[in-house]
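Counting convention: from 1, in listed order, for ligands and their atoms alike. Along the sequence shown, residues carry numbers from 1.
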Amino acid sequence: MLWYFVAALLLMIVLRKVQLRLVLSLAKHGSLSGHARLARLIARRLPHYEFDERRFFSADDAPPEVAARRRAGFMRLAALCLERYPQGAALTREVEEALSDLQFTARYRVPFQFSGMVRRHLRGGAFLQSSAQSTLTDVDGNRFFDLSGSYGVNLFGYDFYKECIERGSQLVRELGPVLGQYHPVIAYNVRRLREISGLEEVSLHMSGTEAVMQAVRLARYHSGRRYLVRFCGAYHGWWGDVQPGVGNPVAAAGTFTLKDMDPASLRVLRMRRDIACVLVNPLQAMHPNSSAPADSGLLNRRPPAAVERAAYAEWLRQLRAVCSERNIVLIFDEVFVGFRLAAGGAQEYFGVRADMVTYGKTLGGGLPIGVVCGRRELMKRYREERPADICFARGTFNSHPYVMGAMHEFLRRLESEPIRSMYRDLDALWEQRARRLNERLRAEQLPLQISHLSSIWTVNYLQPSRYHWMFQYYLRAEGLALSWVGTARLIFSLNYTDADFAAVSERILSAARAMQRDGWWWPGAALTERAIRRRVLRELLQAWWATSSIGSRSSPRSRYSGARQ
Ligand SMILES: Cc1ncc(COP(=O)(O)O)c(C=O)c1O
């Protein structure tokens, strides 16, 4: 009798585990971003190859006349770089051997097959001497409109941040860089952060990555549960547990990556008892389930299916409900979008409240920052009744007086009329600007279209090509500064005037016309997206064959000449 009972119990446990596994599998997105292990496995095996000069211009089998036009355009840009950026190029040469960060960003600006030639010819651009409002001036005196947005930090124009830093430094000068105790300015910062977030407590860190790390750690500590749920494609900084796929050398064993905006994910949250928290990056409203775009992986970037603000808000409401029901901590990662979408951040913009919110970037008034705001019982790092059971978090530079001073200025100015006025009709303004530019692109039959979430823009491409990434160099030639992810993210500061914006629009149009004239968007009849993908796959297999067997003995790299191997 007892045996029957034990056997039945075991069977029930096994069946439950199988059911949970199944429900989890159904909630994974079909793409590689949804399958971290597989993505890492493939990434580790992807062979390197690059095009020689001939193939560089005809990787899509364009006829010689088109390849010649491309070559002429490329060499014109190369000559422009030599002429315009001599000091920038010299400085790059001086440091690149020793500056790993620069090596990485330079290498991953464009698809790797093209990267070597681009780095040899289209040099310069990494060194700046000054900024003013929404413009940057490089060491050679070239002035650019800034579309890099300093990774999203620049929300109100560079002068605003210079003033925050200067005024903030004055406030704390007498104390100087004393750590471990606080300058009084912190009292105002904490009060304002509580008001803005609507949450009871605040902790201060040095970067967005650390803030996310601490929020998740606290959620695990208080819930006693292991798993963090993040959504497919969302970026939350570079801590291992929130970056389970490519880029992290080890598996993130305590992370589930689920489908965004999908009832299957709600089912997982409802069924499992081991989920500590759900981490949401509201920027994903722009492209649910897709990773942050970058030109380095660019084959084609089609406009994503539009997600209405109301639909994403509804998804957040559903998440809110299931998290409340199952005692799961709901964390909004507002490091990027906080203060950008609305003065009260994504919580205000989408009308949904989280249990914890992380902020960073612009909040430091131009200096490095990460902040966690949370409900009191979640923020506590110790237990009254178990003194040794603590949730440790430190950081030498946390609450650095100069950062607190600049943040104080940032938060104070946020209440001022000129800044408040920037938030008025913000969405309508950027919607109108994007629409107008899209209309002009359409009218001129240029194969581009902008998608955007307020002031965060992405350039999408309407026809297949292997060369869309070249567009970033045409934009630069027109005096537009982009970050190393290229046309994937154009980040505007809210102080862009109509005149500034009109100038940027003209430059985008002019760059697109030149790109088209130079033949990079050659519309070969057989050039479908599928054909391009197939072709890249074939090249990869050839390179893999060359490097994995006999070829690897003679050369670890493959230089793809285009000869069918
Ligand atoms: C949503 C989000 N979370 C976290 C981070 C990491 O912040 P940091 O680069 O300051 O570590 C970023 C950075 O881009 C981000 O966009």
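For the atom pair CG of N438 and CZ of R433, the computed distance is 14.5 Å after rounding to the nearest 0.5 Å.
Atom 16 (O) of ligand 1 has its closest protein heavy atom at F336 CB, 3.6 Å. Looking at atom 10 (O) of ligand 1, its nearest protein heavy atom turns out to be G208 N, 2.9 Å.
In terms of polar-atom proximity, V212 is not counted as a contact of ligand 1, lacking any N or O under 3.5 Å from an N or O of the ligand.
Side-chain contact annotation: T487 with Y461, donor-acceptor N/O pair under 3.5 Å present.
Close approach of ligand 1 to K361 is summarised as follows: ligand atoms under 4.0 Å from at least one heavy atom of the residue are 13 (C), 14 (O), 16 (O). Distances below 4.0 Å separate heavy atoms of S207 from the following atoms of ligand 1: 10 (O), 11 (O).
Ligand 1 is approached by Y235 to a heavy-atom distance shorter than 4.0 Å.
Test F501, F145, F156 against F492 for ring-ring contact (aromatic ring centres under 6.0 Å, His included) and you get one pass: F501. Each of R381, E377, K380 was evaluated against H222; a single residue qualifies, K380, per the side-chain contact (heavy atoms from CB on, under 4.5 Å) test.
Distances from atom 1 (C) of ligand 1 to the heavy atoms of T358, D333, T209 show the closest one on D333.
Cation-pi check for R309 over Y349 is met; the charged atom lies under 6.0 angstrom from the ring centroid and within 45 degrees of its normal. At least one test fails for K259 against the ring of F231: distance under 6.0 Å to the centre or angle within 45° of the axis.
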